[in-house]
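We name chains A, B, ... by the order of the sequence lines, and we start the count at 1 in each one. What you see is a predicted model, and the numbers here were worked out from it, not measured in a lab.
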Number of protein chains: 2
Amino acid sequence: MRVLKYAILGLLNRKPMTGYDLSKEFSYQIGNFWSANHSQIYPELKRLLDEKLVVYNIEISGDVLEKKVYTITEKGRKEFLKWLNKDEPMEPTPKNVFRLRMYFSNNLDIETRIRLLEHQLVQHEEKLAFLLSEMQRYSGVPPFDSDDFGDYLVLDGAIMREKTTIEWLKKCIKICQSKTNCDEERN
Amino acid sequence: MRVLKYAILGLLNRKPMTGYDLSKEFSYQIGNFWSANHSQIYPELKRLLDEKLVVYNIEISGDVLEKKVYTITEKGRKEFLKWLNKDEPMEPTPKNVFRLRMYFSNNLDIETRIRLLEHQLVQHEEKLAFLLSEMQRYSGVPPFDSDDFGDYLVLDGAIMREKTTIEWLKKCIKICQSKTNCDEERN
DNA sequence: CCCGGCATGTAAACAGTTACATGATTGC
DNA sequence: GCAATCATGTAACTGTTTACATGCCGGG
């Protein structure tokens with residue numbers, strides 16, 4: 001499917017960048033649904049170069065250090081737009097190790113279940129707080145043809161996703177606690 | 001991380017199964033957060049056998065066909081429980097091609113955006129309907145130590161996830177339609 | 001007898017992570 | 001001078017998918 005290819009082309013379509021810049025991009029907004037590290041990016045850029053979908057020119061920073069600033073070509077833009085317009089079927093549900101653990105949680109002490117759930121909860125609450133702070137830079141829906149439009153939609157989606165995860169975790173904790181209380185009453 | 005290893009051990013801890021049975025399991029409840037196909041399962045079973053975490057005995061169905069029914073060993077159960085009790089940090093956000101497309105959606109016609117969103121919407125609505133029908137077999141929270149307990153929690157989580165995805169898709173469609181209406185008013 | 005599902009495997013290709021490897025620049 | 005970050009790459013390994021390959025069983 002070569003998704004990384006299109007993620008890179010999409011980013012370069014916004015503005016020219018180095019491999020290093022691309023790898024940083026994946027830790028910002030786009031990191032909420034796609035990422036890659038530099039060891040995957042550099043070989044992919046080489047391949048895109050072979051396919052003539054990008055070109056680069058070298059910039060010197062400081063005295064010697066050469067930066068390869070990649071730019072998308074017309075051919076690259078065409079391929080990217082063709083991919084972007086494709087209507088593809090829903091993807092299979094994403095893998096999630098924590099949910100796998102919970103699937104088997106009948107094998108855990110109630111206390112352990114609660115501890116594991118609460119640890120996830122604090123982490124997701126931190127993540128949500130971060131996403132909400134990111135959202136503050138938008139006062140409303142950005143212009144429909146600006147790069148911010150996509151950023152805004154997916155950021156909103158990420159916030160909704162985190163809120164739901166938090167809600168689920170709290171529900172699970174409540175269920176587990178009801179069992180603990182129930183046991184205490186019996187004693 | 002060998003997650004598949006623990007997914008298999010967890011399933012075999014419920015009851016003895018063949019490789020074929022395991023691969024079918026991944027299309028049921030557990031498929032909502034983990035899956036693997038048979039070409040990954042058979043080699044993994046061989047490895048678990050080498051590690052003495054499982055054993056098998058051969059059952060004959062019909063006249064000749066040999067089925068290898070795998071059973072978890074005491075060593076296997078110990079390793080599984082050790083893994084299950086581990087408290088691990090939150091995983092990175094899962095990859096999602098559709099959200100990647102939407103991230104770059106400023107490069108699409110408004111009509112195309114709506115079409116793509118609506119296609120996702122119908123698929124997620126179907127998925128939700130299916131999950132809700134699955135949920136009907138539960139009248140309340142199953143016993144805390146039964147296999148159904150985990151099934152119930154993660155099924156509930158999957159339902160919440162689908163509902164949120166649907167809500168997000170509808171929101172995106174509404175935003176895109178507001179633009180279309182706006183343009184029409186101008187004409 | 002034929003087809004769909006049962007049943008088990010291997011091989012090749014692709015995707016992704018972790019580790020190895022090197023060196024420059026900038027700010028303190 | 002030193003540490004953090006900028007900058008680019010390769011190698012080895014792990015995980016996953018797709019395709020190849022084979023054969024039995026049960027019902028219509």
Side-chain angles (χ1 to χ4, degrees), chain A residues 1-8 12 16-28 30-31 33-51 54 56-70 83 88-89 91-97 100, chain B residues 1-8 11-12 16-28 30-31 33-51 54 56-70 88-89 91-97 100:
Chain A
M1 292 217 311
R2 309 250 342 244
V3 182
L4 180 60
K5 165 180 169 176
Y6 297 104
I8 290 175
L12 292 181
M17 271 186 260
T18 66
Y20 189 82
D21 294 333
L22 284 165
S23 89
K24 272 193 305 172
E25 282 293 321
F26 287 119
S27 56
Y28 302 143
I30 197 175
F33 43 85
W34 207 268
S35 69
N37 45 39
H38 76 275
S39 61
Q40 221 185 334
I41 292 167
Y42 290 116
E44 186 62 45
L45 280 170
K46 196 176 258 177
R47 204 171 159 188
L48 295 176
L49 202 66
D50 290 344
E51 298 172 311
V54 301
Y56 70 83
N57 46 358
I58 288 171
E59 271 182 23
I60 308 286
S61 54
D63 286 328
V64 227
L65 186 62
E66 297 189 345
K67 286 204 294 184
K68 292 182 179 177
V69 183
Y70 287 86
W83 171 81
E88 277 180 312
E91 292 160 79
T93 341
K95 297 189 174 184
N96 186 311
V97 182
L100 183 65
Chain B
M1 290 218 312
R2 310 248 343 244
V3 182
L4 179 60
K5 164 181 170 176
Y6 297 105
I8 290 176
L11 288 171
L12 293 180
M17 271 187 260
T18 67
Y20 188 82
D21 293 332
L22 283 165
S23 89
K24 272 194 304 173
E25 281 294 320
F26 287 119
S27 57
Y28 301 143
I30 197 174
F33 42 85
W34 207 269
S35 69
N37 45 36
H38 76 275
S39 61
Q40 221 185 335
I41 291 166
Y42 290 116
E44 187 63 43
L45 280 170
K46 197 177 257 177
R47 203 171 161 188
L48 295 177
L49 202 67
D50 290 344
E51 299 172 309
V54 300
Y56 70 84
N57 45 359
I58 290 172
E59 272 182 23
I60 308 286
S61 53
D63 286 328
V64 227
L65 187 62
E66 296 189 349
K67 287 204 294 183
K68 292 183 180 178
V69 182
Y70 287 86
E88 277 179 314
E91 292 159 79
T93 340
K95 297 189 173 184
N96 186 311
V97 182
L100 183 65

* Structure fact -> Separation of C:dC6 atom P from B:Glu59 atom CD, nearest Å, is 16 Å

* **Interatomic distance, A:Ile60 CD1 vs D:dA7 P [rounded to whole Å]** => 12 Å

* Asked: What residues form a side chain to side chain donor-acceptor pair (under 3.5 Å) with A:Glu51, not counting sequence neighbours?
  -> A:Arg2

* Asked: Tell me: CG of A:Asp21 to C1' of D:dT5, nearest whole Å?
  -> 13 Å

* **Length of the line joining B:Ile41:CD1 and C:dC6:C1', which is rounded to integer Å** => 14 Å

* Structure fact -> NZ of B:Lys67 to CG of B:Asn57, rounded to nearest 0.5 Å, is 11.0 Å

* Can you tell me how far CG of A:Leu22 sits from OH of A:Tyr42, rounded to the nearest 0.5 angstrom? -> 8.5 Å

* C:dG9 P sits how many Å from B:Leu22 CG, rounded? -> 12 Å

* Per A:Tyr20 side chain, nearest of listed nucleotides D:dG9, C:dA7, D:dC6 -> D:dC6

* Within less than 4.0 Å of OP1 or OP2 of D:dT10, is there a side-chain N or O belonging to A:Lys46? -> yes

* Asked: What is the distance, rounded to the nearest whole Å, between atom NZ of A:Lys67 and atom P of D:dT5?
  -> 17 Å

* To do: Note down the inter-axis angle between the two ends of the helix from C:dC1-D:dG28 to C:dC28-D:dG1, five pairs each, to the nearest 10°.
  => 30°

* **Length of the line joining A:Tyr42:OH and D:dA7:P, which is rounded to integer Å** => 8 Å

* With respect to the phosphate group of D:dG9, does any side-chain polar atom (N or O) of A:Lys68 fall under 4.0 Å of OP1 or OP2? -> yes

* Check side chain to side chain donor-acceptor pair (under 3.5 Å) between B:Lys5 and all other residues, then give those that pass, not counting sequence neighbours. => B:Glu79

* To do: To the nearest 0.5 Å, tell me how far A:Thr18 OG1 sits from A:Ile41 CD1.
  => 9.5 Å

* Find the distance B:Glu25:CD to C:dC6:P and express it as a whole number of Å. => 13 Å

* Asked: Hey, what do you get for CD (A:Gln40) to OG (A:Ser35), rounding to the nearest 0.5 Å?
  -> 8.5 Å

* To do: Would you please name every residue forming a side chain to side chain donor-acceptor pair (under 3.5 Å) with A:Thr93, sequence neighbours left out?
  => B:Lys127

* Any sub-3.5 Å donor-acceptor pair from B:Glu91's side-chain atoms to A:Val97's backbone N or O? -> yes

* Between protein and nucleotides 14-24 of chain C, map the contacts as a letter string: B base, S sugar-phosphate only, - none, heavy atoms under 4.0 Å, written 5' to 3'. => -SBBBB----S

* Asked: Of all residues at least two apart in sequence or in a different chain, which pass the ring-ring contact (aromatic ring centres under 6.0 Å, His included) check with A:Tyr56?
  -> A:Tyr70

